[in-house]
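Numbered from 1 within each chain, the chains take letters A, B, ... in sequence-line order. On a predicted model such as this, the values are computed, not experimentally measured, just so you know.
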Protein chains: 2
Amino acid sequence: MQLLASVKSATNPVLARPAATPQAGHSLLLTESARSLGGPPSLLAALTDREREIVLRHGRRKVLYRGKTLFNQGAKHDGIYLIETGRIRVFYTAPSGREITLAYWHPGNFVGGPEVFGSGVHQWSGVATSNSNIVQLPGKDLRALVVEVPSLAIGLIEGLTFKGKCYSALAQMLGTRSITERLAHLLLHLAQLYGVADADGVVIGAAFTHADLAHMVGATRQWVTISLKRMQEKGIVASRRSQIVILRPDLLQEMRGLGD
Amino acid sequence: MQLLASVKSATNPVLARPAATPQAGHSLLLTESARSLGGPPSLLAALTDREREIVLRHGRRKVLYRGKTLFNQGAKHDGIYLIETGRIRVFYTAPSGREITLAYWHPGNFVGGPEVFGSGVHQWSGVATSNSNIVQLPGKDLRALVVEVPSLAIGLIEGLTFKGKCYSALAQMLGTRSITERLAHLLLHLAQLYGVADADGVVIGAAFTHADLAHMVGATRQWVTISLKRMQEKGIVASRRSQIVILRPDLLQEMRGLGD
DNA sequence: TCTATCGCGGCAACTAATCGACCACCCGAA
DNA sequence: TTCGGGTGGTCGATTAGTTGCCGCGATAGA
């Protein structure tokens with residue numbers, strides 16, 4: 001697993017990613033390890049340069065600064081957004097105000113939807129968690145392009161398949177695991193994605209607030225704080241000024257329950 | 001909304017569906033009402049008779065009796081299963097033994113996966129909850145067919161999109177609503193799908209056990225029993241020999257929280 | 001017709017998790 | 001320098017939900 005830039009790279013130059021080249025990206029989710037899902041496919045990876053150019057000609061480019069909203073839950077949408085650089089957090093807000101983060105998407109993936117062709121209503125919101133470059137592909141163009149460029153259809157199908165896997169895996173976690181188990185799982189996953197070896201253990205090299213974590217596991221901030229504190233008491237993790245260090249991955253593994 | 005046969009139609013002739021014709025089906029999920037999702041698309045609906053024949057030629061037919069397993073979580077899979085008649089329950093089993101029902105799928109939809117082309121591992125299981133006719137379409141054939149029959153690609157994309165919506169909606173419910181709210185939601189949804197008007201209220205014309213309901217909302221059977229009992233005390237619902245009658249949909253609506 | 005099984009219901013003890021509120025701290029902006 | 005917002009930490013009260021168990025009645029199968 002490769003080290004990605006911190007969410008807060010802007011404020012933490014040590015972790016800043018060097019002039020990012022679009023890479024078929026990761027996706028950060030509260031789910032089974034990437035192993036069982038396979039890596040996320042890149043929408044345009046299978047296209048020839050020429051086909052890619054045809055497709056991108058229909059796109060509208062956007063630059064999005066950290067914290068800015070790409071699309072809003074409830075708004076009418078049109079087509080999809082392809083991420084070229086940066087990172088997009090996709091989340092749902094319940095009427096009660098509670099939020100659940102569906103995923104953090106990285107370059108090569110597309111977000112928006114849930115539909116790709118039709119123009120329905122966004123079922124969730126997307127905001128940039130780091131400065132991002134986005135290409136919007138309108139639904140109508142996309143539908144025409146699919147017939148013209150079959151590889152694009154394959155790319156879309158694979159992308160949608162992957163999203164289906166992600167969301168169902170999320171539902172599986174949420175439906176069958178306790179919050180504590182989910183948190184243990186998430187920490188291991190974060191260590192895998194952003195982990196940096198250290199004298200004591202593995203430092204999670206990305207600054208997530210307790211609230212961020214809470215949104216990912218579907219809990220309250222307080223509960224995350226309490227759980228982390230308990231883990232700290234047991235010597236499983238250590239907190240150093242808002243950084244989390246995993247000391248005993250074996251115990252975390254145990255906490256998250258059996259399987260995979 | 002139209003009345004469908006009971007899960008237990010075999011034991012309850014009154015509710016049995018008359019010689020079912022394949023209908024572009026519903027899908028039963030713990031989610032927002034169908035309104036916001038749009039109906040589920042039928043995979044072959046957009047095809048000409050000829051195209052349909054080309055596609056189905058690659059399929060292998062299966063007859064599945066009630067209770068029989070179509071595919072098993074963890075097993076290698078190949079392609080998708082198209083439902084012609086019957087009903088398939090798709091569910092995930094956690095290592096702890098807890099189950100969550102992802103959906104009940106009706107004719108016109110395809111199940112299996114999560115992948116359509118590749119041959120990965122089933123992330124969930126599928127069993128028939130009523131006698132069903134199934135057509136299996138192998139992954140390799142499917143990939144070739146997509147290029148030959150573009151409408152099939154569109155059908156697949158729309159089907160996958162719908163599944164993505166379903167699963168994300170499920171994750172949204174599970175991540176942001178309490179079990180009680182989810183149960184209230186589910187009851188209203190069931191009333192909409194299977195409801196039969198009655199002197200007192202709406203009878204849910206399909207026999208779901210408490211365990212079935214529990215699997216749908218991601219809770220234990222006991223909790224469902226307790227919750228239903230409390231609702232009964234408040235006069236919101238009534239139980240008549242394992243049938244549920246909705247007396248006060250307005251109160252249920254209130255319980256499930258705001259929104260939609 | 002008998003018996004095994006399943007679904008329903010209830011109960012008690014327990015813990016996981018929420019809610020709301022408050023405070024201290026740090027850091028960045030003015 | 002001060003101010004203010006975001007973050008982490010904590011507390012107490014309350015509730016939601018789990019676990020495990022037992023018993024009854026209906027049903028299906030032998």
- Item | Inter-residue atom distance B/Arg89.CZ - B/Leu102.CG, 0.5 Å rounding | 9.0 Å

- Those residues that, when tested against B/Asn131, pass side chain to side chain donor-acceptor pair (under 3.5 Å) (two or more places apart): none

- Quick one: CD on A/Gln136 to CG on A/Leu70, what's the gap to the nearest 0.5 Å? 8.0 Å

- Query: Taking atom P of D/dG6 as reference, at what distance in whole Å does atom NE2 of A/His215 sit?
  - Reply: 14 Å

- Task: Quickly work out the B/His210 NE2 to C/dG9 C1' distance and round it to whole Å.
- Result: 8 Å

- In whole Å, what is the span from the CZ atom of A/Phe208 to the C1' atom of D/dG6? 17 Å

- Message: With rounding to the nearest 0.5 angstrom, report the CD1 to CD distance, A/Ile236 to A/Gln232.
- Response: 11.0 Å

- Query: To the nearest Å, how far apart are A/Arg66 CZ and D/dG6 C1'?
  - Reply: 12 Å

- Query: Using the C1' atoms of the five pairs at each end, what is the angle between the end axes of the helix from C/dT1-D/dA30 to C/dA30-D/dT1, to 10°?
  - Reply: 50°

- Starting at CG of A/Leu228 and ending at P of D/dT7, how long is that distance when rounded to a whole Å? 15 Å

- Here the gap from A/Leu213 atom CG to A/Leu183 atom CG, rounded to the nearest 0.5 Å, amounts to 6.5 Å

- Item | Atom pair NE2/OG1 of A/His215 and A/Thr93 - distance to nearest 0.5 Å | 8.0 Å

- Non-hydrogen atoms of B/Trp124 and B/Phe91 that approach each other most closely: CB-O, 3.2 Å

- Task: Applying ring-ring contact (aromatic ring centres under 6.0 Å, His included) between A/Tyr81 and each of A/Phe110, A/Trp105, A/Phe71, report the one that passes.
- Result: A/Phe71

- Message: Treating primed atoms plus P, OP1 and OP2 as sugar-phosphate and everything else as base, which nucleotides of nucleotides 15-22 of chain D get B, S or - for protein heavy atoms under 4.0 Å?
- Response: -SBBBBB-

- A/Gln243 CD to C/dC26 P, in whole Å, measures 16 Å

